[in-house]
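Okay, so here's the structure we're looking at.
The figures that follow rest on heavy atoms only: side chains count, while hydrogens, waters and symmetry mates do not.
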Amino acid sequence: MSRFFRAGESDSDDTESDYSEEVSASESEDHSDSDSDSDASDSDDQGAAKKSGRGRLFEGAFSDSESEDDTVRVVRSAKDKRFEEIEQAVTSMANGQKINDWVSVQNEFDRANKALQKAAGIIAQAGVPKFYVKAVAELEKAIQSALDKEKSASKKMNASNAKALNSMKQKVKKNNRLYEKEIQEYEKDPENYDVEEEVVEVKPKTKKTKKVVLSDSEEDEGEKGEDDEELDDGFTPVGAGGKTVEFTQENLFKKLREVAEARGKKNTNREEQVRILERLLVISNTPYQKIRVLLSLISAQFDFAVGLSGYMNLPLWKNAEKYLNSLLNVLESNPGYVVKEDAPEEDDSDKDRTPQDGEGVFIQGSIVAFIDRLDDEFAKSLQNIDPHTTDYIDRLKDEVGLYAVIVRSLAYFTRLEATDAICRTTMRRLEHLYFKPESVIVAVENATIALLPASVAKPIQDSSSLIHDLCVYLYKNASSLLRTRAMLCHIYHHALHNRFFVARDMILMSHLQETVHQADITTQILHNRTMVQLGLCAFRDGMIKEAQSCLQDISGTGRVKELLAQGLSLQRHSTASPEQEKLERQRQLPFHMHINLELLECVYLTCSMLLEIPSMAAASANPENRKRVISKPFRRMLDYNSRQVFTGPPENTRDHIMGAAKALASGEWQKSIELINAIKIWDLMPESAKIKEMLGRKIQEEGLRTYLFTNASYYSSVSLEQLAKMFDLPLANVISIVSKMVWSEELSASIDQVSNVVVLHHVQLTKLQALALAFADKASGFVESNEKLLESKTPQQGERPKKG
């Protein structure tokens, strides 16, 4: 029968006797004694049941439950469990000594020491178990006697036993140095050393309640939730040793110091530390006390381990933001208190401090480090949350609150004139703004003004002036790295708002492209993003050649995702290690900062088409231009598309552009315009109608150039009016295009202004000139093949030379 029912059914006397039996059973280590006690108590209970008039039916029911409850579950403290594990190892060690099995003695000795390390927290309070001290002291003597016997013995030990004995000699000697005082006490009186005194526990007088017997696992859970129950039930908190824990003004700094000392240790309960700090925050009255507690409380929020999600828990992040706002509020209300990283340490940190004689109170701490960590954790959460869910949108709404904290801390640092902190915080603020359009920046600033006090928030006129002011401050005061990043953000913002020439002049005058390869990877990523945005800006303004040159280094590599930190492309023969892939993933940008890769590819291929098709037509007439390749990816796609036997209707962006390129090469400029305008991705760009109109005009102009290159050998003269009519262009534009071609020597012709005719000059090569050109082509082919052979034979940096 289970003890739970027996405790409920017996009289008060029986209950007390059962309770005492349970306690004695839990404290005894001999299972046979506990079994005999339980049998005796069972017989007593049966007698009590008869006296109380219990029927046979009930007796049968309880006997069934008795048979089901074969095992006895007792309450054991963590100390008893740890010490029992050590004692079992010590007993096995003694048995091994008796049979001269030093291999098992060595194993049990290691097991005892491991159990001792696990119980380090308990041993720090209760001391080293005396049975362990006795065992290691006797073990050293036993090892010495065994070694003496082995020297004089005729039959030697086997190799493994002798090896274990010799290693135990060293281990025990090294181990016993740690317990010299305890072993000396044991040597003084070995017989009475391990006699334990009775420990009398003083318990508060409370109403006696029925005891519920828990298993070991249930007990561990109960110990974890003990503090919560005490708080909820209104009991006084009890610390180690049964002492009452009180939080008062007198011991506030002492408790704060205890929390600081426990921080970072292995067995520290971080949740309990936070609860203690929150209690201290409630009882703190003076600004100095609040600042000290808040600094520790914010640090405690960041101490929690990051789980499988890879980022800080959302409630913890919001708590850190709330406490940081509270800290800034206290500092703004009390200008005499200053938090600085290089503040001197207090001689007596347990006393409250107030500003005296106009001198401020300097407190050691780093608010800018809190800002950096808070912003980094926000970015990590956005990296790991699926951007196509509402969770991402909900998380993104927290950016306004974070931005308000950054603006508030920037105002505080400005009051202190802390240049380094101002630069770091200004860079954080700039990185939240530079990629946003005008309307979004104004909305964010208005929302921030609503969250902050009037003394901190300042209204802005427009986004360009705000970005300009932030960048100019960094140009004057920041380090080289921050200046570079500020310049790139400034250029990106100009390019986003269609100020191409300003952005181009800034990037050329700063010479960033010459030194950016020496910067860190995140700065190189920002440079790549800036160049892409500059190319898109040039495309929107109709500058096709400039746009293609800006996008060539990024889009022409085939590694656009990695270069812009917008994902990892799957490669079959990837040589990246798991650590490198992990670093790559940590550098990924949040989804709302991404540049549309499909739009980027569409712009790049369209620019390449408008430049490559006339160039290919010119190369067919002039052999010197055959090896001039503007865009290798475009040429590859066009060659692959041309080799297709059956070409179906275009399905994606590439198909539309390849079809338009073929139509343009054959002089069908109307079809080319239709295919380009059919691409749906243009709708994502602002003022898409103007962009389509610009593209139609460019296709007409390049179609005219392609037509002249292709058919120049078949004509002696061409009417300019006829060309204007064929390509639906004004006559002035046709004259301008043909004049540029003649001036740049792309077309061997002259313009007859009287008759409005282009007179084409046919240059016939002599046989010697033709042979010389053929010889030059073959010679250049030999040079290229030799260079390739030399590269294959020459070992690259980091490679071993191949043998043979």
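Residue pairs meeting the ring-ring contact (aromatic ring centres under 6.0 Å, His included) criterion with at least one partner in residues 465-492, sequence neighbours excluded, are Tyr434-Tyr492, His468-His490, His490-His494.
Between the Asn596 side chain and the Leu599 main chain, a donor and an acceptor come within less than 3.5 Å of each other. Listed for the Gln566 side chain is a donor-acceptor partner under 3.5 Å among the backbone atoms of Ile595. Here the side chain of Arg529 pairs a donor or acceptor atom with the backbone of Met593 at under 3.5 angstrom. Judged by distance alone, the side chain of Glu612 and the main-chain N or O of Ser631 form a donor-acceptor pair under 3.5 Å. With Ser744 contributing its side chain and Lys740 its backbone, the two residues share a donor-acceptor pair below 3.5 Å. When atom types are taken as modelled, the side chain of Ser666 and the backbone of Ala663 share a donor-acceptor pair closer than 3.5 angstrom.
By the 30° and 60° cut-offs, the orientation of the rings of Phe727 relative to Trp669 is tilted. Relative ring orientation between Phe591 and His388 is described as perpendicular, the plane-to-plane angle rising above 60° on a 0-90° scale split at 30° and 60°.
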Step-by-step side-chain contact (heavy atoms from CB on, under 4.5 Å) determination, His527 to Thr484: CA-CA 9 Å; His527 172 263; Thr484 302; over 6 Å; no
Test log, rule salt bridge (Lys or Arg N to Asp or Glu O under 4.0 Å), inputs Glu377 and Arg373: CA-CA 6 Å; Glu377 292 295 340; Arg373 181 69 187 276; 3.0 Å; yes
Ile699 and Leu610: CA distance, side-chain angles, deciding distance, side-chain contact (heavy atoms from CB on, under 4.5 Å) verdict: CA-CA 7 Å; Ile699 289 173; Leu610 293 173; 3.8 Å; yes
